[in-house]
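These notes are about the structure you will find just below.
Worth knowing before you read on, the calculation uses all heavy atoms, side chains too, and leaves out hydrogens, waters and symmetry mates. Lettering follows sequence order; numbering is per chain, from 1.
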There are 2 protein chains.
Amino acid sequence: MAAERPAEPAPRISVWLDDRPAPRRYSRTGAEQPGLDRAAITAATVALLDAEGTAKFSMRRLAGELGVTAMSLYWYVNSKEELMELAVDAVQADLTLPDLAGADWRESLRLLAGAYRRMLVDHPWVARTVGQYLNIGPEAMRFAGAAQSVLGSAGLRPEQLPGALAAVFQFVNGFASVEANWNARLADTGMQPDEFYAMVLARVDGMPQYADSLELRDEADRGVSVRQMRQNDFDTALELLIAGVGALREGTHDPPAPR
Amino acid sequence: MAAERPAEPAPRISVWLDDRPAPRRYSRTGAEQPGLDRAAITAATVALLDAEGTAKFSMRRLAGELGVTAMSLYWYVNSKEELMELAVDAVQADLTLPDLAGADWRESLRLLAGAYRRMLVDHPWVARTVGQYLNIGPEAMRFAGAAQSVLGSAGLRPEQLPGALAAVFQFVNGFASVEANWNARLADTGMQPDEFYAMVLARVDGMPQYADSLELRDEADRGVSVRQMRQNDFDTALELLIAGVGALREGTHDPPAPR
DNA sequence: GCAATCGCTGTACACCGTACAAGAATTCTG
DNA sequence: CAGAATTCTTGTACGGTGTACAGCGATTGC
């Protein structure tokens, strides 16, 4: 008798590993509302998250925005988490890939990293989710493919690509994540960036292990705005990464020599 | 009359920017329980998060573990978020710094990055929080100080340090975050690593932009276990970063020349 | 016309973080 | 030693959360 039991309901891993046709068959001819579908729900999710952030987002709130009950969303989406996966991927659709035709790989990498950073700062709720979901949706893959092909054109060997990709884009993600959080705290307090920075510095200066090197930085950056410092940090890291990619390529035993 | 109003309750930014003496004056002489304090609560929080993850963690659950009511925790801690900040910092206390005395900066960086990665994989709930909190607690600073001094000893100029630090440790954080998530999904499904990997690959292979380069990788890594691949990716990225630091140093206009 | 399905609603459950007031335990003050 | 003051702990309650489940008109295929 136990053989008939459907056992566990097969734990869900990711929307992207779950085939679900999202049927939408009826036409709702006379209805006022044009009717829901995954795309509309996802778009509204992105808009709401952009406007109010993760904390104020809820299924009921979203449903209200769509003029509908919370539970009706579950016809199109299995869970809130799944919806978040959809939203995270959807937001990467706006991540228009720069034209990399004439650019060499270094410049291409700069363009891609910059675009990625901008996307994360514009949509602060995304950064937290990278690493939390599988992130293998179509839009994510489009970007990953572009990035991978840039690094490939730099002459890296195939088995070097994933590591190099991770080095570059995990950095960008982490950096932008901190940046977005910093912006959010600023908005909460209403302080000026430099005022807030000074407050944090004052606290950190009292800590033994860190004070020395930080004072150096403090001196070096005197008179430089927080915004400029951040840009400088990003640029420095990016040049470091590009130089690293170059070094990895030169360490290649079989130079790729396109004939 | 409005002048007397205490206005907003001063929005909290971080535990570390909030001076709170955590008094603890009574001795609870005859009591069974040894009595609570921040350290005990934080330790229990870490233990619970390690054991069951963020999802099952709650103030009530934690209180139960400590044989106490949920609300009594709020005598020692202002909010759950603040408690998370404390836990994130506390877990970095176990992050014992390797002995960097005899090692050159390259090897030191490898050791630090490895230790950091291990910490994040052992405590998967930490990775998600980096970038979400200010992360300027004493233990975080101890590690950051060590990392900064290693990079400083590599000959980077002060204004290059933050960028280089970010490049290295934001990568490690992101990488370990993905790694920890992957482990969690594996545990959920009970699949074998390679089985799970094959499933994801199968899905990804169907996506147009990504298929080509991925097939390369698939070929290159045929017969290699997922675990080995991951280690290879981490090592590749780390060597890339180290080479990048080296290149940044060589690009220095004023060589540091310690006299 | 009728059965089946779709799309949606309402209600309900268990759980969450935490505000607030009251009470028990302990120490301070006299 | 009495009483006031303070330190902790508790109980109750509020407004939320995600979502299971049953039901119910609208639409469709037969």
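Counting to the nearest Å, the C1' atom of D:dC21 and the OH atom of A:Y74 are 14 Å from each other. Atom-to-atom, CG of B:L73 to C1' of C:dT18 comes out at 11 Å; the value is rounded to the nearest Å. For the pair B:L62 CG and C:dC15 P, the interatomic distance rounds to 17 Å; values are reported in whole Å. Distance CG (B:L36) to C1' (D:dT10): 13 Å, rounded to an integer number of Å. Atom CG in B:N78 sits roughly 13 Å away from atom C1' in C:dG17 (whole-Å rounding). Rounded to a whole Å, the CG atom of B:D37 is 15 Å from the C1' atom of D:dT9.
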Run the numbers on A:T54 and A:R128 for side-chain hydrogen bond (donor to acceptor under 3.5 Å, both in side chains), then give the verdict. CA-CA 10 Å; A:T54 322; A:R128 272 201 291 284; 3.1 Å; yes
Stepwise side-chain contact (heavy atoms from CB on, under 4.5 Å) check, A:D122 with A:D94: CA-CA 11 Å; A:D122 289 345; A:D94 301 340; over 6 Å; no
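Aromatic rings from A:W16 and A:Y133 are positioned such that their centres are separated by 6.0 Å or more.
Without hydrogens or angle criteria, B:T69 side chain to B:S72 main chain gives no donor-acceptor distance under 3.5 Å.
For D:dT9, the OP1/OP2 oxygens have a side-chain nitrogen or oxygen of B:Y76 closer than 4.0 Å. At the phosphate of C:dG7, OP1 or OP2 sits under 4.0 Å from a side-chain N or O atom of A:W75.
Aromatic ring orientation, A:F171 versus A:F175: tilted (interplanar angle from 30° to 60°).
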Polar atom pairs (N or O), protein with nucleotides 12-17 of chain D, under 3.5 Å:
from, atom 1, to, atom 2, distance (Å)
D:dT17, OP1, A:S58, OG, 2.8

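The listed nucleotides are C:dG7, C:dC8, D:dT10; the one nearest the side chain of B:S72 is D:dT10.
Contacts of B:Y116 classified as ring pair (Phe, Tyr, Trp, His ring centres under 6.0 Å), with partners at least two apart in sequence or in another chain: B:F143, B:F169.
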